[in-house]
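As structure tokens, the structure follows; a few thoughts come after it.
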Amino acid sequence: MKIGYVQTSPIFGEITQNFEQVEDLLGNTKGDLIILPELFATGYTFISKEEAESMAETTEGKTANFLIGLAEKTGAVIVGGFIEKDGNHIFNSSMIVSDNEVLGTYRKLHLYYKEKLWFSPGNKPLKIYEAKKTKVGIMICFDWFFPEMFRSLALLGAEIVAHPANLVLPYCQKAMETRCLINRVFAVTSNRIGNEVRGDDNFTFTGGSQITSYNGEVLSSAPKDKPHIDFVEIDVNQARDKNLNKYNNVIRDRRTEFYSLE
Ligand code: ACM
């Protein structure tokens with residue numbers, strides 16, 4: 001199975017240009033699973049809730065149409081971030097699409113910094129999606145900070161975690177090695193690069209998109225400051241075997257009766 005990421009440099013508010021950037025980077029690349037960054041079409045650093053609302057869409061909007069077209073062209077299932085509108089609420093979401101439909105959305109559970117001013121926190125149960133005969137779970141950027149998140153996706157059966165991101169801290173990539181190792185799950189972190197100075201905020205996004213193997217090995221690592229795409233071939237069966245050795249199984253060996261998760 002061929003999985004990969006597109007690391008872009010979104011221009012704030014320039015949705016059409018941001019779509020073109022993804023298309024240009026992909027060219028005629030084919031794959032099975034492609035992950036795009038968090039909020040890849042809009043940019044990240046909003047200055048008001050109204051501004052974020054003005055770029056919000058449903059799963060019938062232009063971002064969904066763009067991703068469906070891209071899925072058709074690449075032959076891949078695609079996961080990418082967008083602002084999801086649902087009634088009076090907007091969410092920092094990612095949608096997963098195949099060549100003719102939106103399979104579903106994930107609404108970010110752990111909002112970072114001023115995202116709490118613009119977005120409602122995720123309100124849907126976690127779900128695993130079937131993509132090319134593999135099981136894909138989704139989390140977004142800062143969700144990595146909460147180990148329960150990746151573990152929950154693993155317990156629900158995720159074999160690959162799709163991780164659209166707009167990282168501004170330098171810690172995630174290292175942490176993903178451990179997340180993957182201790183759950184025996186693959187992950188694709190698709191980050192962005194560039195700088196956004198808006199309102200009081202000045203964010204430099206840290207790039208370094210990464211494909212991490214079920215055993216914690218880094219299979220691909222993007223530059224910190226350049227657009228980049230990469231794909232690797234994986235054997236997803238490796239994520240189905242939770243035995244670390246003859247005696248240890250990373251899921252069955254848990255002593256849940258002694259853990260307090262409150
Ligand atoms: C982040 O969660 N976008 C930092």
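Just follow the structure's listing: the first ligand is 1, and inside any ligand the first atom is 1.
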Enumerate the side-chain hydrogen bond (donor to acceptor under 3.5 Å, both in side chains) contacts for residues 125-136, please, sequence neighbours excluded, ordered by first and then second residue.
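Listed once each, the pairs would be none.
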
How would you list all residue pairs meeting side-chain hydrogen bond (donor to acceptor under 3.5 Å, both in side chains) that involve residues 165-175, not counting sequence neighbours?
Lys174-Glu177

Got a sec, which residues hit ring pair (Phe, Tyr, Trp, His ring centres under 6.0 Å) with Phe146, two or more places apart in sequence or on another chain?
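Once residues adjacent in sequence are excluded, the partners of Phe146 under the ring pair (Phe, Tyr, Trp, His ring centres under 6.0 Å) criterion are His110, Phe142.
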
Collect the protein residues that have a non-hydrogen atom under 4.0 Å from ligand 1 and hand them over in chain and number order.
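If the criterion is a heavy atom under 4.0 Å, then ligand 1 touches Glu38, Tyr44, Lys108, Tyr112, Glu115, Cys141, Phe142, Asn166.
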
Say whether Tyr106 and Asp143, considering side chains only, have a donor N or O and an acceptor N or O under 3.5 Å apart.
yes

Quick one about Arg107 and Asn123 (side-chain donor to acceptor, distance below 3.5 Å, no hydrogens or angles considered), yes or no?
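Indeed, the side chains of Asn123 and Arg107 share at least one donor-acceptor pair under 3.5 Å.
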
Specify whether Phe66 and Phe40 have parallel, tilted or perpendicular ring planes, treating 30° as the upper limit for parallel and 60° as the lower limit for perpendicular.
tilted

